[in-house]
Structures are given as structure tokens and as C-alpha cells.
Amino acid sequence: MAETVAVRSGPEESREQAGFGYQERPRVLEGLRAYGLIVAMWVRSTMAYRASFVMTTFGNLAATAFDFLTIVLMFTHVDALGGYTLPEVALLYGVSATAFGLCDLLLGSMERLGRRVRDGTLDTLLVRPVPVLAQVAADRFALRRIGRILQGLAVLVYALATLDIAWTPLKVAMLPVMVISGAAVFGAVFVAGAAFQFVAQDASQVQSAFTYGGATLLQYPPTIFAKDLVRGVTFVVPLAFVSWLPTLYVLDRDYPLDLPQWVAFLAPVVAVAVGALAGLAWRAALRTYRSRGCCRTSTSVDVRRWTLRDVEGI
């Protein structure tokens, strides 16, 4: 049975239920709705200072562009990197940067969770009739991060325009699939890292090692890394399904671990699987959270016990 939260209904239904007007709504839908409302609030706040938004977005784009500039400088001294040409590396870079940029835009604020746990401000999120995950993910939504997406897309377009790829319907379909699936895999890593911060409250750098560090790792060919590391990001933390496996299928190249080509099509399945595991980790971690007070905080607030005045005041 789908988990639900209670939300306020119209005045007629309120009178029928003796002052408590509610309708049942699936918790996932309520979380998405709350996320959208919080994001819209921060976007309106950002667009109130449009010149500042343009400058910070350009700064974000320029800062991330230095990553690809470093790769270009490498190719001024070598013809190939791990057997890959510059356009082939650019395709790896573009897919990874675009997928990570999309995830960073939507969920990048979750790295601040450890600070909320330390200073006790997470308590204010627990008493609101809105899923905590939606509140944490949308908190201080930074629209300027779209600069990272634009930079990744620019490199991706360059790679596709330069490479001579024997296109098939499956390869064409693989492009949007691997970007969306890659963003979902990175999102699962963000959520799992946030869950870990409930235990290790000062672990944002550990989380960044798997998110930002993972994105940087995937920008380079797998052939330059040790096979043990490649196995780790394939079978343990499946970041290889973000760009390595799907991109090598598009390029008609073999994967270093001699995996069959059809494994590249498992990216959506892997994204759903790791997302489910990250969700379970989040729920388990949230249940173990202790407030700064003396008692354990309950994370299952029964909104039906609140008065309408209480709900309106949130």
C-alpha cells in the first residue's frame, strides 16, 4: 500500500470532518509537489537579481570549462590517451559532465545535510508535513549550476560533430538514456551520501569524493586506470554505467573487463536499483536521527492530529 500524507482540503470537506479537512495523496507525489514549490521559490528569489544570476552562471560555466581545458592541454603533447583520441575523450567527458550537472542542479544541496545535523536545524524540517528528502534536496536551490550543464552539453556537441560514428537506432536512443540514467545514478550516490552524514556528521568531503570525484574519474578513459579500480566502479559503486559502458558501446569499443556489449543497456535498470537502495538507506538513517534534545525525534508525524491553524502557520 502506498504511503500517504495528509493535506488540507476545501472548506466544505473541512466542515464535514469537524474542522479537519484532508485528502489522501501518495507521499511520492506530495514530495515532488513540495520540491517543485520550494525550487520555484528559490528561482524567483534568484531571478530578482538577474545580472547577478548571469554572472554567477557564467562563472560556474567558466570554472568547469577548465577541466576540459586540462584534457585539451594533455593532447598537445600526446596523440592518444589510453588509446583514445581527443574527440572520444570529449564524448566521455560530455556525457559525464552533463549527467552530473543535471544531478548537481537538482540534488546538489544535499551535501549541506551534515551541517544541519550538527547544528540541530534539521529538527525544523522534521515537524513539517512535507517529506524531509524533498526539503533537503530543494533547500537553497542554486540555478547558477545550470552553467555546468551548458558546458557539458557544449563538449558533448563538439564530440558528436567531430566523431565519425556508425549510427544505428539503438545508438541514437542510447544518448538520452545514458544522460538521464547517469543523472539518476549520481542522484542515488547523493542520497546515499546524505544518509551517511547522519552517522558521520562531518562527512561532506567523503560524499564529494564519490560525487564530484566520480564525475572527474568518468571524464577519462577506463584504460588508464587499474583494473581493480574499474571493477570497483562497475560492481561496487556502479558509476561505470553513467558514461563508460554506454559510451564505449556507441564508440564500438571493448570494455576493459571484457563485459558483453548488452551490459550497456542495463544503465536504466542499475539506476533504478541503486536508487531503491539509496532510498532504503535514507529511510533507515532518518529513523536513527537523534535531536539535540534528550529524546529521539519521531520522523513519522501524524498530521491529522494538527489543527488547521497549525498547518496554515507552517
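Note that the structure is predicted; figures quoted are calculated from it, not measured.
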> Hey, are the side chains of Leu239 and Trp244 touching, using non-hydrogen atoms and a 4.5 Å cut-off?
Replying inline: no
> What is the distance from atom CG of Leu113 to atom CG of Leu133, rounded to the nearest 0.5 Å?
Replying inline: 9.5 Å
>> I need the Thr56 OG1 to Ile146 CD1 distance, nearest 0.5 Å.
In response: 11.0 Å
> Within a strict 4.5 Å, meaning less than it, do heavy atoms of the Trp282 and Val132 side chains meet?
Replying inline: yes
> Any cation-pi pair here, Arg253 with Tyr84, using under 6.0 Å and within 45°?
Replying inline: yes
> Roughly how far apart are Arg145 CZ and Asn60 CG, rounded to 0.5 Å?
Replying inline: 8.5 Å
>> So does Phe66 get a backbone contact from the side chain of Thr70, meaning a donor-acceptor N/O pair under 3.5 Å?
In response: yes
> Can you check whether Met41's main-chain N or O pairs, donor with acceptor, with Ser45's side chain at less than 3.5 Å?
Replying inline: no
> Going through the distances and angles, do Asp67 and Arg148 end up as a salt bridge (charged side-chain N to carboxylate O under 4.0 Å, His left out)?
Replying inline: CA-CA 11 Å; Asp67 293 337; Arg148 182 187 292 271; 5.1 Å; no
> Between Tyr93 and Gln151, is any side-chain donor less than 3.5 angstrom from a side-chain acceptor?
Replying inline: yes
> Can we say Arg116 and Asp123 salt-bridge, meaning some charged N sits less than 4.0 Å from an Asp/Glu carboxylate O?
Replying inline: no
>> Can you confirm whether Val233 sits close enough to Pro238 that some side-chain heavy atom of one is under 4.5 Å from a side-chain heavy atom of the other?
In response: no
> Is Asp258 salt-bridged to Lys227, cutoff N-O under 4.0 Å?
Replying inline: no
>> Distance check, rounded to the nearest 0.5 Å: Leu81 atom CG versus Tyr220 atom OH?
In response: 8.0 Å
> Can you tell me how far the CZ atom of Phe190 sits from the SG atom of Cys103, to the nearest 0.5 Å?
Replying inline: 5.0 Å
> Side chains of Thr234 and Tyr255: is there a donor and an acceptor less than 3.5 Å apart?
Replying inline: yes
>> Check whether Ser96 reaches the backbone of Ser243 with its side chain - one donor and one acceptor, N or O, closer than 3.5 Å.
In response: no
